[in-house]
Amino acid sequence: MEENQTGDNNKGASPDPEDNSYEVPGWHAGLPDAYKGHPALKGMDVPGKLVEAYLAAQEKSSQYEGRSYIPGENASSEEWSAFRKAMGVPDNKDGYELKLPDDMDRSEMEGLAGWMKEVAFNEGLPIKATQRIFDKWVGDTRVGREETHKKQVAAKQERENALKEKYGEKWDTRVNSARDFVKRRLGDEVYNSMMEKNLLDDPAYLDSFGGLSDSLSEDNLPGSGSNTAGGAKHDGLSDMFPTMK
């Protein structure tokens, strides 16, 4: 007895489009009008081909199951909200908990982190991606500052070597004289401030104040020998340095 032809062979393989025994000419005539003549049905004279295309589409669709798609131009706010959540974007900017470095200025890093959180939320960046970007900025900044510090130290050493060559053994005496001059003539407040800023380790400052110490000795002060109305000696530097004694 001859078997009914259903568009599939006995082995379950796709029908051969060249085998006319599987053709059902005009089979799509019974489809709804909306589907008649649809470009996707071109060449689908064999019903099995339609089944094959459907199964292939199902398999391809399953590969993307659970993945997020960028909403279209006319997407609703709910669709965008679902997309952002699937991408790992927090509900608000405080959802970003950026790890701050321990070896950099805290206030500076907190300011940068606050700016980063706001930008990341507005741009829809995932939490993990935002942390990676922040870490990259911190790392690059750290390297840049280290390189700058190395150049500053090298330049300072170069100036100091030049002054040591100029003054020889007298350089150490000049350094002590410069620091003593600042402390004695400009006062503890100025001295402590300059020490905190490492200015009294800078060869240029030490050389300058060493020169002032030599030129503004008690016997060589500007205006020495003259007194103000109150009897106090006026050396010409009190206007520049109000704390000078």
Side-chain angles (χ1 to χ4, degrees), residues 96 98-120 130-245:
Y96 297 99
L98 301 179
K99 299 177 182 177
L100 305 182
D102 296 328
D103 59 337
M104 301 178 74
D105 183 80
R106 189 75 181 180
S107 60
E108 178 187 1
M109 290 298 101
E110 288 177 347
L112 174 66
W115 173 85
M116 188 74 187
K117 291 177 181 180
E118 185 173 351
V119 172
T130 302
Q131 181 68 60
R132 289 195 298 269
I133 294 173
F134 184 76
D135 290 343
K136 182 67 166 59
W137 187 92
V138 170
D140 290 348
T141 300
R142 183 184 290 111
V143 171
R145 291 180 180 180
E146 289 175 352
E147 291 298 323
T148 299
H149 178 68
K150 289 179 181 178
K151 291 179 181 179
Q152 291 174 340
V153 171
K156 173 184 173 182
Q157 189 61 54
E158 185 177 352
R159 292 195 300 268
E160 185 173 344
N161 291 340
L163 290 171
K164 285 182 177 180
E165 183 176 352
K166 176 181 178 181
Y167 294 105
E169 296 179 355
K170 295 181 180 180
W171 171 245
D172 289 338
T173 301
R174 191 173 182 85
V175 169
N176 293 331
S177 177
R179 291 172 178 164
D180 179 69
F181 173 83
V182 172
K183 187 175 182 62
R184 179 169 49 86
R185 301 293 297 173
L186 304 185
D188 291 338
E189 184 177 353
V190 174
Y191 176 81
N192 293 333
S193 176
M194 296 186 72
M195 288 295 289
E196 289 176 1
K197 298 174 182 177
N198 297 319
L199 295 179
L200 293 183
D201 287 329
D202 189 299
Y205 279 90
L206 292 172
D207 190 31
S208 296
F209 282 114
L212 282 173
S213 179
D214 291 343
S215 61
L216 300 180
S217 62
E218 292 298 330
D219 297 332
N220 196 29
L221 285 173
S224 61
S226 62
N227 296 324
T228 62
K233 184 185 293 184
H234 179 69
D235 57 21
L237 293 180
S238 58
D239 292 336
M240 295 174 60
F241 301 101
T243 60
M244 176 174 281
K245 298 178 181 179

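All values below were derived from every heavy atom in this structure, side-chain atoms included, with hydrogens, water molecules and symmetry-related copies excluded.
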Gap separating the [atom1] atom of [X] from the [atom2] atom of [Y], nearest 0.5 angstrom:
X      : Y      : atom1 : atom2 : answer
Asp135 : Lys99  : CG    : NZ    : 8.0 Å
Met109 : Leu112 : CE    : CG    : 5.5 Å
Asp172 : Arg174 : CG    : CZ    : 12.5 Å
Asp105 : Glu110 : CG    : CD    : 9.0 Å
Ile133 : Met116 : CD1   : CE    : 4.5 Å
Asn176 : Trp171 : CG    : CH2   : 10.5 Å

Under a 4.5 Å cut-off applied to non-hydrogen side-chain atoms, are [X] and [Y] in contact?
X      : Y      : result
Arg145 : His149 : no
Arg179 : Leu206 : yes
Glu165 : Asn161 : no
Val182 : Tyr205 : no

Is [X] reaching over with its side chain to a backbone N or O of [Y], donor-acceptor style, under 3.5 angstrom?
X      : Y      : answer
Ser213 : Phe209 : no
Ser177 : Thr173 : no
Asn192 : Asp188 : yes
Ser193 : Glu189 : no

Query raised in the report: Is the NZ or CZ atom of Lys183 positioned over Tyr191's six-membered ring, under 6.0 angstrom from the centre and within 45° of the axis?
Result: yes
Query - Flag if over 12 foreign heavy atoms under 6.0 Å of OH, Tyr167 - result: yes
Query raised in the report: Does a sphere of radius 6.0 Å around CG in Asp103 hold more than 12 heavy atoms from other residues, nucleotides or ligands, not counting ones at 6.0 Å or beyond?
Result: yes
Report task. Could you pull out the closest heavy-atom pair between Pro101 and Phe134, with the gap in Å? Result -> CD-CE2, 4.4 Å
**Report entry** Shortest non-hydrogen contact from Val138 toward Met104
**Finding:** CG1-SD, 3.6 Å
